[in-house]
Asks: 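Here it is: the structure, laid out below.
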2 protein chains.
Amino acid sequence: MKRVTIKDIAHNLGLHHSTVSRALRFSSEVNAETRERVINYAQSKGYQINRNALLLRGVRSNIIGVIVPNIHHNFFSNFVSIVTRLAFESGFIVAIFQSEESLVQEIEIVNSIIQQNLAGVIFSHSMETEEVSHFNKLDQYKIPIVCFDRVTKSLNKSAVVLNNEATLRNVVRKLSAMGYSKIAYLSGASSIQLFRERQNGYIGGLEEINASYSNCVALAGAFTIQKGQELIKELWMHDEKPDALIFDSHFLAIGALSYLKKNHPGCTDNLGIASFGGDPCLSLYAENTIIIKQPEKQMAEAALDLLLSAIDNPAADKVEIIEFQAEIIDNKL
Amino acid sequence: MKRVTIKDIAHNLGLHHSTVSRALRFSSEVNAETRERVINYAQSKGYQINRNALLLRGVRSNIIGVIVPNIHHNFFSNFVSIVTRLAFESGFIVAIFQSEESLVQEIEIVNSIIQQNLAGVIFSHSMETEEVSHFNKLDQYKIPIVCFDRVTKSLNKSAVVLNNEATLRNVVRKLSAMGYSKIAYLSGASSIQLFRERQNGYIGGLEEINASYSNCVALAGAFTIQKGQELIKELWMHDEKPDALIFDSHFLAIGALSYLKKNHPGCTDNLGIASFGGDPCLSLYAENTIIIKQPEKQMAEAALDLLLSAIDNPAADKVEIIEFQAEIIDNKL
DNA sequence: GTTATTTACGCACACGTGTGCAAAACAATG
DNA sequence: CATTGTTTTGCACACGTGTGCGTAAATAAC
């Protein structure tokens with residue numbers, strides 16, 4: 001009742017295991033009839049190759065690791081979902097790791113990946129990660145890396161990113177065109193390159209439209225409903241209230257909007273809202289809602305492509321940065 | 001520049017690799033001084049054990065597989081997220097598999113899991129899966145299984161489930177108490193036990209409240225926005241319109257509501273809405289919204305507990321079904 | 001019928017780790 | 001010093017698979 005191995009097959013067929021191995025790999029140096037016998041027997045016994053044995057012989061793993069801050073967030077779960085599907089179609093399996101925005105956790109994850117000898121890694125780093133040298137360890141073990149979303153240039157790895165600065169500039173323009181001028185922005189930690197870029201785009205946009213309301217960025221160390229509530233509460237204490245809000249995360253948006261709805265009813269009626277996160281449900285909420293949609297599908301495809309070609313061709317070691325444009329969707333489903 | 005192995009260490013320290021192995025495992029039969037030397041050297045060289053070699057020796061894998069229809073859906077991504085986190089804390093890694101509601105895919109996944117020799121499997125099967133015998137293959141390889149959410153009794157495995165019938169009965173009661181009587185239900189394929197149970201609860205609830213509007217279940221083979229639009233379109237062709245809607249999925253709800261908003265504006269103003277899926281954002285939408293929240297956290301904990309104890313104690317082979325109550329949340333965040 | 005060539009298979013080792021057993025080194029006892 | 005006991009280390013094999021090399025048998029060439 002235990003696993004059937006090529007040795008078992010060999011023994012039962014009066015062959016050597018090396019012959020069985022060759023037969024199963026359709027080697028030309030095994031007699032057609034013998035091959036037939038082996039394959040039929042293997043099939044009848046439900047033989048499944050033991051991948052672990054292959055790994056030991058130096059064959060690369062077919063498991064790739066994906067490290068994300070978490071998979072609650074729509075963007076990440078969509079991304080992971082697509083990577084997982086495409087990877088499976090290419091014969092790869094995806095192991096998921098969540099840094100939970102913690103650097104310590106991230107370091108542990110990297111060690112774990114080395115121990116498992118994974119084939120490669122796609123990752124978006126945590127909010128806490130300002131220094132990325134722990135990822136260099138992977139180089140030593142020749143485990144290729146592709147970054148996405150939150151990247152750090154100094155790591156010098158292939159990456160798939162959004163054109164963040166331009167995106168935020170466009171969102172501000174769009175809100176301005178809709179008649180809003182006092183635009184606040186609930187963003188992420190500015191230690192992260194990604195958010196710095198967006199914040200720059202935001203400020204640039206405000207300058208461009210000559211906003212009376214000067215730049216008002218509230219920074220969130222984590223993207224939770226609670227954080228959204230806290231930040232908006234603070235923001236609403238100022239005398240001058242914004243007339244539009246931009247959110248870096250769906251959860252920040254929900255937190256903020258639910259807070260306003262409960263504590264300042266009516267004030268959201270004419271509020272302009274733009275949010276990353278891509279859950280179409282927000283646009284059910286209000287007419288004047290903008291969804292900032294990242295092209296997860298294309299990004300996931302691109303990231304996997306980069307990784308698989310790095311796996312196939314470890315020598316190449318080329319660095320490629322692919323930039324995508326966010327789609328700014330004007331309240332339709 | 002290649003991986004440091006115990007043999008390398010042994011060679012450099014003039015020891016045999018078996019001594020090094022013992023030293024690293026803190027065996028009492030190795031000299032304290034030698035052990036010290038080995039451990040220091042290993043640390044200085046950044047030695048990381050090669051798990052694949054362990055696997056070959058029969059040590060169980062530390063990778064568990066989680067098979068879900070997909071991870072777009074909030075319930076599944078939350079569940080997977082929690083399982084992944086808890087598993088990592090217990091030294092396990094999670095590999096994700098998406099059946100995409102396809103039986104063929106599911107069978108391929110099972111084979112892949114066998115090839116990888118995973119430690120165990122937690123799964124919720126696809127909509128297409130009426131017959132579950134392909135999972136029995138895992139028994140042969142002594143890979144333990146825990147089912148959750150969508151389960152099939154005939155498989156006779158430990159499972160973590162919702163009290164579906166009672167839940168739907170309660171939802172109907174609740175809507176009735178809120179003054180609704182013409183309650184329609186957009187549900188999933190009735191070939192799945194889970195949805196049959198819910199549908200029975202729904203019908204039972206309607207009888208209980210003496211609903212004038214007879215049972216009206218629209219079945220979705222997949223939970224997508226598009227399906228929600230299609231089903232509601234069909235439903236809205238009938239003369240008598242429902243005054244409340246129950247959804248088995250967030251995406252069905254968004255699809256349906258966006259359709260109504262666009263094509264029958266105003267009609268949703270007084271509509272009672274209850275939805276599985278747990279995205280709090282729906283309750284921003286309307287006052288009269290009920291969120292049917294499954295206790296993902298507890299369910300994930302329970303499922304992982306069951307699996308880990310089955311892994312630790314393969315002989316026990318006991319079957320345990322754990323049932324949870326859904327929380328019916330009345331429009332607050 | 002002899003030699004050369006091809007075909008088909010077996011042998012042995014490698015991959016990294018762990019462990020039962022034997023051998024060596026050392027300590028203790030008489 | 002001889003004997004016994006204990007501690008420490010090394011040897012050899014196992015796990016499942018693939019592959020270079022060798023070789024016997026089968027076939028072809030002359």
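Quick note on labels: first sequence line is chain A, next is B, and so on, each numbered from 1. Everything numeric in this text was worked out from a predicted model, so none of it was measured.
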Asks: Starting from the C-alpha separation in whole Å, work towards a yes-or-no answer on side chain to side chain contact (heavy atoms under 4.5 Å, CB included) for B/Gln116 and B/Ile63.
Replies: CA-CA 9 Å; B/Gln116 302 286 343; B/Ile63 305 183; over 6 Å; no

Asks: Classify the angle between the aromatic ring planes of B/His73 and B/Phe76 as parallel (below 30°), tilted (30 to 60°) or perpendicular (above 60°).
Replies: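 B/His73 and B/Phe76: perpendicular rings.
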
Asks: Identify the residue among A/Phe79, A/Phe324, A/Phe123 that makes a ring-ring contact (aromatic ring centres under 6.0 Å, His included) with A/Phe148.
Replies: A/Phe79

Asks: Below 4.5 Å, heavy atoms only, C-beta onward: do B/Ile143 and B/Val121 meet side chain to side chain?
Replies: yes

Asks: The criterion is salt bridge (Lys or Arg N to Asp or Glu O under 4.0 Å); which residues satisfy it with B/Lys297, sequence neighbours excluded?
Replies: B/Glu301

Asks: Using side-chain heavy atoms (C-beta onward) and a distance below 4.5 Å, is A/Ile311 in contact with A/Ile64?
Replies: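 Yes. Closest side-chain heavy atoms under 4.5 Å.
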
Asks: I need the residues from residues 8-18 of chain B with at least one non-hydrogen atom less than 4.0 Å from DNA chain C; give them sorted by number, or say none.
Replies: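 Residues of residues 8-18 of chain B under 4.0 Å from DNA chain C: B/His17, B/Ser18.
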
Asks: Under 4.0 angstrom, heavy atoms only, what part of the nucleic acid is B/Arg25 near: base, sugar-phosphate, or nothing?
Replies: sugar-phosphate

Asks: Would you mind reading off the bend of the helix from C/dG1-D/dC30 to C/dG30-D/dC1 from its two end axes, five pairs each, to 10 degrees?
Replies: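 One end's axis against the other's: 60°.
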
Asks: Give a yes or no on whether the backbone of B/His17 and the side-chain of B/Ser21 come within a donor-acceptor separation of less than 3.5 Å.
Replies: no

Asks: Hey, could you give me each pair passing salt bridge (charged side-chain N to carboxylate O under 4.0 Å, His left out) that has a residue in residues 151-161 of chain B? Not counting sequence neighbours.
Replies: B/Asp139-B/Lys157

Asks: Is A/Tyr47 close to A/Ile6 at the side-chain level, that is, under 4.5 Å between some pair of heavy atoms?
Replies: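 Result yes, sub-4.5 Å side-chain heavy-atom pair found.
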
Asks: Just so I know, are the side chains of B/Thr5 and B/Asp8 near enough to count as touching, which here means a heavy-atom distance under 4.5 Å?
Replies: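 Side-chain contact under 4.5 Å: yes.
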
Asks: For DNA chain D, which nucleotides open and close the run of contacts to chain B, 5' to 3', at under 4.0 angstrom from a non-hydrogen atom?
Replies: D/dT8 to D/dG16

Asks: Report yes if the side chains of B/Phe97 and B/Ile113 come closer than 4.5 Å at any heavy-atom pair, otherwise no.
Replies: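 B/Phe97 reaches B/Ile113 side chain to side chain.
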
Asks: What residues from residues 28-55 of chain A pass a heavy-atom cutoff of under 4.0 Å to DNA chain C?
Replies: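 DNA chain C contact set from residues 28-55 of chain A: A/Glu29, A/Val30, A/Asn31, A/Thr34.
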
Asks: If you define the side chain from C-beta out and look only at heavy atoms, does anything of B/Ser81 sit under 4.5 Å from A/Gln98?
Replies: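 Contact flag for B/Ser81/A/Gln98 side chains = yes.
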
